[in-house]
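Each remark here refers to the structure printed beneath this line.
Values reported hereafter were calculated over all heavy atoms of this structure, with side chains retained and with hydrogens, waters and symmetry mates removed. Chain naming here is simple, since letters A, B, ... match the order of the sequence lines and numbering starts at 1 in each.
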Amino acid sequence: MTTLEEVRQRAEADARTYGYHLNPDPEFLQNLLEGLKQNEERYSYPSCPCRLASGKIELDRDIICPCDYRDPDVEDFGMCYCGLYTSSDIYEGKTKVRPVPERRPIEKQVRAYEPAKATQKKEAKTKIEVKTKEEEASEVKKKLWYCRQCGYVVFRDDSPYICPICKAKKEMFAEIKVRIEFSG
Amino acid sequence: MEFSKVSGQNNEHKVVLYALNTCAWCKMTKKYLKDNNVEYEFIDVDLCTPKEKEKIREHIMSKGGSPVYPTVIVDNKILITGFRKDKLEETLGI
């Protein structure tokens with residue numbers, strides 16, 4: 001089991017790597033770290049403590065901390081959506097904290113509720129059928145994407161919001177279409 | 001669906017808070033309402049059943065909001081998204 005100290009150290013290391021700071025309010029920070037730990041315990045991955053996760057990694061990949069939206073949020077608002085990572089200005093109190101609007105697209109937000117819809121439909125059905133439908137609900141078609149700016153390659157359902165390597169925007173990603181040809 | 005009730009002297013309005021058990025902004029909202037003696041009900045959506053979550057999502061979206069937390073609904077008509085001290089002050093007369 002991951003300890004709270006490990007969660008803190010991981011976040012601190014990531015903040016150092018990207019030139020960010022962790023939230024300067026000790027109580028607020030403690031709540032965030034505990035939330036991350038709790039999510040890691042119940043979902044097996046540390047999804048954002050301030051967003052409702054589906055519990056299915058394929059649907060929650062973009063909100064696993066540090067989330068896809070952190071860098072643009074820190075850039076625009078001085079901190080990420082949950083407030084874990086902040087810019088130097090916010091950390092040093094030079095800039096006032098402003099509310100960070102949700103940048104995650106609504107079609108991704110509602111994914112956390114889709115298993116519920118599947119549950120409603122199959123109430124009268126057998127356990128085996130239920131499992132199959134739930135699996136279907138969580139199925140996401142993954143593709144290979146590459147960043148046209150730096151060449152970073154990722155295998156997931158949708159291209160990242162921002163390139164984690166060179167910070168290029170989503171529009172810079174293109175799908176890699178794999179074609180297998182048989183000859184002879 | 002079971003809401004928890006927090007009693008307070010400031011009870012002119014019906015205040016319902018949709019929160020997440022892990023969310024630091026939701027904790028701040030709860031603390032802010034309590035510190036200002038506001039009577040409110042809350043539910044931690046992440047601890048609800050899938051059916052309840054879906055009902056909550058439908059309810060919030062029917063009021064014109066997005067399913068993000070914290071969401072405060074005052075008197076079943078005014079929706080406040082996120083921890084917005086300014087809006088809570090204005091709406092609840094704090």
Rounded distance (nearest 0.5 Å) linking atom CD of A:Gln30 with atom NZ of B:Lys27 | 10.0 Å
So if you build clusters from Ile, Leu, Val, Met, Phe, Trp, Tyr with side-chain heavy-atom gaps below 4.5 Å, do A:Leu32 and A:Phe77 land together?
-> yes
With the 4.5 Å side-chain cut-off for hydrophobic clustering, are B:Leu20 and A:Tyr113 part of the same group?
-> yes
With no hydrogens and no angle check, is any side-chain donor or acceptor of B:Trp25 less than 3.5 Å from a backbone partner on A:Cys50?
-> no
Chain B contact via A:Gln109 - which portion, at a heavy-atom distance below 4.5 Å = side chain
same_hphob_cluster(B:Leu92, B:Phe83) at 4.5 Å side-chain heavy-atom cutoff | yes
Among the clusters formed by ILVMFWY side chains lying less than 4.5 Å apart, do B:Phe3 and B:Leu33 turn up in the same one?
-> no
Verify the neighbour count for atom CD of A:Glu75: are there more than 12 heavy atoms of other residues, nucleotides or ligands below 6.0 Å?
-> no
Is B:Asp46 close to A:Arg42 at the side-chain level, that is, under 4.5 Å between some pair of heavy atoms?
-> yes
Okay, side chain of B:Thr22, backbone of A:Pro49: is any donor-acceptor separation there less than 3.5 Å?
-> yes
Any A:Ile106 side-chain heavy atom under 4.5 Å of B:Met61 side chain = yes
Are A:Trp145 and A:Ile176 in one and the same hydrophobic cluster, where Ile, Leu, Val, Met, Phe, Trp and Tyr link if side-chain heavy atoms are under 4.5 Å apart?
-> no
Counting heavy-atom pairs under 4.5 Å to chain A, which of B:Pro70, B:Pro67, B:Ser66, B:Cys26 comes out on top?
-> B:Pro67
Identify which of A:Arg51, A:Gln38, A:Glu102, A:Glu34 forms the greatest number of heavy-atom pairs closer than 4.5 Å to chain B.
-> A:Gln38
For the candidates A:Leu52, A:Leu36, A:Leu29, which exhibits the highest count of non-hydrogen atom pairs separated by less than 4.5 Å from chain B?
-> A:Leu52
Would the number of heavy atoms belonging to other residues, nucleotides or ligands and lying under 6.0 Å from NZ of B:Lys87 be above 12?
-> no
